[in-house]
Amino acid sequence: MMTLKTTTAPLAKPLLDWYDRHHRDLPWRVSPPMAKRGIKADPYHVWLSEVMLQQTTVPAVKAYFLKFLARWPTVGDLAAAPSEDVMAAWAGLGYYARARNLKKCAEAVANDHSGVFPDTEDGLRALPGIGDYTAAAVAAIAFNRQAAVMDGNIERVISRLYAISTPLPAAKPLMKQKVALLTPSDRPGDFAQAMMDLGATICTPKRPACALCPFNGSCEALALHDPEHFPVKAAKKAKPVRVGAAFVAVTSDGEVLLRRRIESGLLGGMTEVPTTGWTARIDGETSADAAPFAADWQPSGTVTHVFTHFELRLSIWRVAIPGRINGDDGWWEPVTNLDAQALPTVMKKAITAAIPRAFQQSKDG
DNA sequence: AACTCGTGGAT
DNA sequence: TATCCAAGAGT
């Protein structure tokens with residue numbers, strides 16, 4: 001007779017035991033030894049780190065997290081900060097809608113919740129920039145709620161544990177059910193973090209270290225001798241290549257013409273040098289005819305930048321002029337102050353192509 | 001449901 | 001070099 005598989009809930013214990021020994025120490029995390037001494041996670045720290053970590057690697061986040069925390073120690077401080085400062089501090093981290101929503105969320109907490117984060121998944125989910133994942137993660141990690149946390153790491157772990165052959169993203173609801181069944185009432189936050197650490201360090205996309213995995217006696221993908229086959233994903237679309245131009249004008253006083261992009265869409269609300277009207281779907285003009293003002297524009301090479309869904313090749317034009325010229329919009333910024341601007345990486349590349357040492361001229365650098 | 005939305009490191 | 005992909009959210 002066949003043995004019915006027991007409920008999967010008992011898998012939480014070997015995972016938590018593994019986590020107690022092998023957890024990563026991260027700046028925003030209260031590690032098990034600290035928790036044992038009664039240290040509680042700060043919801044502000046948990047929320048800030050979770051937003052930064054959305055589609056972003058741990059190494060990239062660390063410095064930004066520490067910088068934000070030093071500059072805005074509480075959610076109230078962040079709520080009171082000028083948006084331009086927040087966008088400039090976020091520059092380089094990508095997905096800039098996160099920064100816009102971060103500010104909105106901080107304001108909502110400060111103004112509508114007396115400066116205290118909601119302590120339930122539903123309450124958190126209603127805030128700007130907090131989706132299914134982040135609501136569950138903050139509820140579990142900061143408030144010890146038994147929430148089912150599902151991110152890319154956990155999708156991989158679950159898809160292998162149960163050898164789920166349905167492609168993502170269609171398989172997400174099933175995977176979330178599985179996670180909910182596994183999540184314990186005791187230490188749900190550590191369980192979620194343990195699952196993510198496991199996915200990041202053991203159950204990796206390539207060459208998973210199954211010999212070290214606390215689930216290796218239960219993993220169906222390992223039993224099939226092909227863990228790398230999971231998760232199955234839908235095919236991706238090819239990235240189109242778009243072209244455009246960027247214009248770097250420098251006065252004899254060492255000022256560069258900058259302007260602000262519209263609030264929505266690609267690089268929304270960020271600062272740029274004048275560029276032509278390229279988008280993910282439409283090529284922009286590449287010649288100096290499209291410059292913000294007529295001048296002796298000089299070609300300065302091209303910059304290639306790969307976004308998530310398209311590749312951009314920008315023709316760079318530069319000109320040295322005696323003094324300011326009225327552009328239709330924008331402002332003139334000292335080259336020595338470019339580091340303080342909300343310049344996304346693609347714009348730093350464009351400026352560097354025209355002014356090679358532009359970002360080595362900061363006042364305190 | 002399918003798109004849009006950055007960046008840099010690993011393989 | 002090309003591809004993947006990393007603690008996803010908003011529309």
Side-chain angles (χ1 to χ4, degrees), chain A residues 24 26-29 45-65 87 90-102 104-105 124-142 147-157 167-173 176 179 189 191-201 203-208 228 231 233-241 261 263-270 272 279-281 304-312 342-349:
Chain A
R24 292 177 291 177
L26 302 170
W28 47 85
R29 174 176 285 180
H45 298 186
V46 175
W47 162 75
L48 179 60
S49 67
E50 290 301 344
V51 173
M52 288 183 167
L53 286 161
Q54 290 165 7
Q55 295 291 287
T56 308
T57 57
V58 165
V61 165
K62 281 183 178 174
Y64 282 87
F65 175 79
M87 299 305 287
W90 196 277
L93 200 54
Y95 283 144
Y96 298 100
R98 293 185 296 172
R100 302 193 295 269
N101 285 327
L102 189 82
K104 290 181 192 167
C105 183
L124 290 159
R125 182 67 178 80
L127 292 168
I130 296 186
D132 290 341
Y133 163 75
T134 304
V138 175
I141 297 169
V149 177
M150 257 257 302
D151 78 319
N153 288 303
I154 299 176
E155 284 175 4
R156 187 168 55 255
V157 173
L168 286 169
K172 279 190 178 184
K176 182 135 184 173
V179 174
F191 175 81
Q193 294 179 96
M195 288 285 278
M196 292 188 278
D197 278 19
L198 190 70
T201 66
C203 195
T204 48
K206 305 295 182 188
R207 300 182 51 148
E228 281 190 21
K233 297 193 173 183
K236 303 189 173 181
K237 293 172 47 177
K239 288 184 184 183
V241 176
R261 293 177 63 85
E263 283 299 313
S264 60
L266 185 71
L267 309 178
M270 300 295 285
E272 65 174 5
T279 72
R281 295 170 173 272
T304 296
H305 189 79
V306 181
F307 293 97
T308 306
H309 50 303
F310 72 104
E311 177 178 325
L312 179 64
L343 288 164
T345 296
V346 61
M347 295 303 159
K348 289 188 175 180
K349 284 186 188 176

* Asked: Taking OP1 and OP2 of C:dA6, is either one under 4.0 Å from a side-chain nitrogen or oxygen of A:Y95?
  -> no

* To do: State whether A:R281 places a side-chain N or O below 4.0 Å from either non-bridging phosphate oxygen (OP1 or OP2) of B:dT4.
  => yes

* Measure from the side-chain heavy atoms of A:P344 and tell me the nearest of C:dA7, C:dG8, B:dT7. => B:dT7

* Asked: Looking at A:Q55, does any N or O in its side chain come under 4.0 Å of the phosphate oxygens OP1/OP2 on C:dA6?
  -> no

* Are the side chain of A:R98 and the backbone of A:L93 linked by a donor-acceptor contact shorter than 3.5 Å? -> yes

* To do: Take the protein atom CG of A:D197 and the nucleotide atom C1' of C:dA6, then report the distance between them rounded to whole Å.
  => 14 Å

* Asked: Does a side-chain N or O from A:H309 land closer than 4.0 Å to OP1 or OP2 of B:dC5, or not?
  -> yes

* Structure fact -> A:F310 CZ to B:dC5 P, in whole Å, measures 7 Å

* Structure fact -> Exactly one of A:K349, A:M87, A:K348 clears side-chain contact (heavy atoms from CB on, under 4.5 Å) with A:L343, and that residue is A:K348

* **Check: A:M52 main-chain N/O paired with A:Y95 side-chain donor or acceptor under 3.5 Å** => no

Taking N or O atoms only and anything under 3.5 Å, show me the protein contacts with nucleotides 8-11 of chain B, one pair per line.
none

* Picking from C:dA6, B:dC5, C:dC4, which would you name as closest to the side chain of A:N153? -> C:dA6

* Structure fact -> With sequence neighbours left out, the residues meeting salt bridge (charged side-chain N to carboxylate O under 4.0 Å, His left out) with A:E272 are A:R259, A:R261

* To do: May I ask you to say what A:L102 touches in the nucleic acid, namely base, sugar-phosphate or nothing, with a heavy-atom cut-off under 4.0 Å?
  => nothing

* Asked: What is the distance, rounded to the nearest whole Å, between atom CD of A:E311 and atom C1' of C:dA2?
  -> 11 Å

* Listed by chain and number, what are the salt bridge (charged side-chain N to carboxylate O under 4.0 Å, His left out) partners of A:R29, not counting sequence neighbours? -> A:D197

* To do: Ignoring hydrogens and angles, tell me if any N or O in the side chain of A:T204 forms a donor-acceptor pair with the backbone of A:T201 under 3.5 Å.
  => no

* Length of the NZ-P vector between A:K239 and B:dG6, whole Å -> 13 Å

* Spacing of CE belonging to A:M196 relative to CD1 belonging to A:I141, to within rounding of 0.5 Å -> 4.5 Å

* To do: Could you give the distance separating B:dC5 and C:dA7 at their P atoms, to the nearest angstrom?
  => 23 Å

* To do: Pick base, sugar-phosphate or nothing for A:G199, based on heavy-atom distances below 4.0 Å to the nucleic acid.
  => nothing

* Asked: Hey, what do you get for CZ (A:F191) to CD1 (A:I154), rounding to the nearest 0.5 Å?
  -> 7.0 Å

* To do: For A:R24, answer base if it contacts any base atom (sugar-phosphate contacts may also be present), sugar-phosphate if it contacts only those atoms, and nothing otherwise; contact means non-hydrogen atoms under 4.0 Å.
  => base

* **Ring center gap for A:F307 and A:H305 short of 6.0 angstrom** => yes

* Asked: Base, sugar-phosphate alone, or nothing: which one does A:W47 contact when heavy atoms must sit under 4.0 Å apart?
  -> nothing

* Nearest nucleotide by nearest heavy atom, which residue falls closer to the 5' end of DNA chain B, A:A97 or A:K237? -> A:K237

* **Residues forming a ring-ring contact (aromatic ring centres under 6.0 Å, His included) with A:F65, sequence neighbours excluded** => A:W28

* **Rounded distance (Å) that lies between atom P of C:dA6 and atom CZ of A:R98** => 15 Å

* Quick one: A:L53 CG to C:dA6 P, roughly how many Å, whole number? -> 13 Å

* Please give, in whole Å, the distance from B:dA1 P to A:K172 NZ? -> 11 Å

Contacts under 3.5 Å, N or O only, protein and nucleotides 9-11 of chain C:
unit_1: C:dA9; atom_1: OP1; unit_2: A:G131; atom_2: N; d: 3.0
unit_1: C:dA9; atom_1: OP1; unit_2: A:T134; atom_2: N; d: 2.9
unit_1: C:dA9; atom_1: OP1; unit_2: A:T134; atom_2: OG1; d: 2.7
unit_1: C:dA9; atom_1: OP2; unit_2: A:D132; atom_2: N; d: 3.4
unit_1: C:dA9; atom_1: OP2; unit_2: A:Y133; atom_2: N; d: 3.2
unit_1: C:dG10; atom_1: OP1; unit_2: A:G129; atom_2: N; d: 2.4

For residues 130-138 of chain A, which side-chain donor-acceptor pairs fall under 3.5 Å, sequence neighbours excluded?
unit_1: A:D132; atom_1: OD1; unit_2: A:R125; atom_2: NE; d: 2.8
unit_1: A:Y133; atom_1: OH; unit_2: A:E50; atom_2: OE1; d: 2.6
unit_1: A:T134; atom_1: OG1; unit_2: A:Q54; atom_2: NE2; d: 3.0

* To do: Pick base, sugar-phosphate or nothing for A:R29, based on heavy-atom distances below 4.0 Å to the nucleic acid.
  => base

* Asked: A:F307 has an atom CZ; how far is it from atom P of C:dT3, in whole Å?
  -> 19 Å

